[in-house]
Amino acid sequence: MDLDRPVAMLNLIRFRERAEYSPADGEEPCTGAQAYERYRELVTPLVEAVGGKPMLSRMQSMIGEGDEWDLSFLVFYPSGRAFLSMVNDPSYHAVSHHRQAAVADSRATLMQFDDPAVGQIVAEIMASQS
């Protein structure tokens with residue numbers, strides 16, 4: 001993967017019914033969806049600090065079962081290097097316990113587009129959403 005080209009992270013999330021925090025986390029009991037919302041509120045500024053842009057969506061299954069995932073969304077990053085910078089930041093690690101408590105199952109797929117023009121379109125979408 002070319003770490004200097006734009007990337008998109010496809011996220012598919014299924015929540016736990018009840019969040020599973022460690023007693024050491026000191027968090028109030030809540031649902032998995034509520035714990036994920038805590039995570040989203042704290043991680044969004046970190047994503048944006050590296051130039052990333054979350055693009056929340058609702059997924060409608062066209063083929064096969066459609067109820068496996070509670071949430072699906074894309075996060076665009078200006079480069080693979082920006083994404084790696086964010087996930088390696090200690091600030092990210094300080095909030096990731098919310099995600100771990102919230103999520104029963106997930107898929108995260110980092111995508112880079114073969115056609116450089118698609119990367120340019122992604123960059124333009126990110127800029128227009130700012």
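Just so it is clear, the model here is predicted, and its values are computed rather than measured.
Considering every non-hydrogen atom in both Ala102 and Tyr36, the closest pair reads CB-N, 3.5 Å. Shown here for Gln100 and Arg16, the closest heavy-atom pair between the two residues is O-NH2, 3.2 Å. In terms of heavy atoms, Ala35 sits closest to Ala19 at CB-CB, 3.7 Å. The minimum heavy-atom distance linking Gln112 with Asp2 is given by the pair NE2-O, 2.6 Å. Here the closest heavy-atom approach between residue Ser72 and residue Leu12 is recorded as CB-CD2, 3.6 Å.
In this structure, OG in Ser106 is found 11.0 Å from CG in Leu71, a value given to the nearest 0.5 Å. Taken from CG in Leu42 to OG in Ser91, the straight-line distance is 10.5 Å, to the nearest 0.5 Å. One finds the CE atom of Met9 at 9.0 Å from the CE atom of Met111 (value rounded to the nearest 0.5 Å). Between atom CZ of residue Arg18 and atom OG1 of residue Thr31 there is a gap of 6.5 Å, rounded to the nearest 0.5 Å. Arg107 contributes atom CZ, which lies 4.0 Å from atom CH2 of Trp69 (distance to the nearest 0.5 angstrom). Atom CD of Glu28 and atom CZ of Arg38 lie 7.0 Å apart (nearest 0.5 Å).
Residues meeting the salt bridge (charged side-chain N to carboxylate O under 4.0 Å, His left out) test with Glu37, sequence neighbours left out: Arg40. For Asp89, there are no salt bridge (charged side-chain N to carboxylate O under 4.0 Å, His left out) partners two or more places apart in sequence or in a different chain. Residues that satisfy the ring pair (Phe, Tyr, Trp, His ring centres under 6.0 Å) test with Tyr92, not counting sequence neighbours, are absent from this structure. The salt bridge (charged side-chain N to carboxylate O under 4.0 Å, His left out) test applied to Arg99 returns no partner, not counting sequence neighbours. For Phe83, the ring pair (Phe, Tyr, Trp, His ring centres under 6.0 Å) partners are Tyr77, not counting sequence neighbours.
No side-chain heavy atom of Asn11 sits less than 4.5 Å from a side-chain heavy atom of Leu74. Side chains of His98 and Val43 form no contact here, defined as non-hydrogen atoms less than 4.5 Å apart. Met55 places a side-chain heavy atom less than 4.5 Å from the side chain of Phe76.
Within the 3.5 Å criterion, the main-chain N or O of Val87 finds a donor-acceptor partner in the side chain of His93. Asp70 places a side-chain N or O within donor-acceptor distance of the main-chain N or O of Phe15, the cut-off being under 3.5 Å.
A donor-acceptor contact closer than 3.5 angstrom is absent between the side chains of Tyr39 and His97.
Within the structure, side-chain hydrogen bond (donor to acceptor under 3.5 Å, both in side chains) pairs that include any residue of residues 78-88 comprise Asp4-Arg81 (at least two apart or interchain).
Val103 and Tyr21 fall into different hydrophobic clusters, where Ile, Leu, Val, Met, Phe, Trp and Tyr residues are linked whenever their side-chain heavy atoms come under 4.5 Å apart, directly or through other members.
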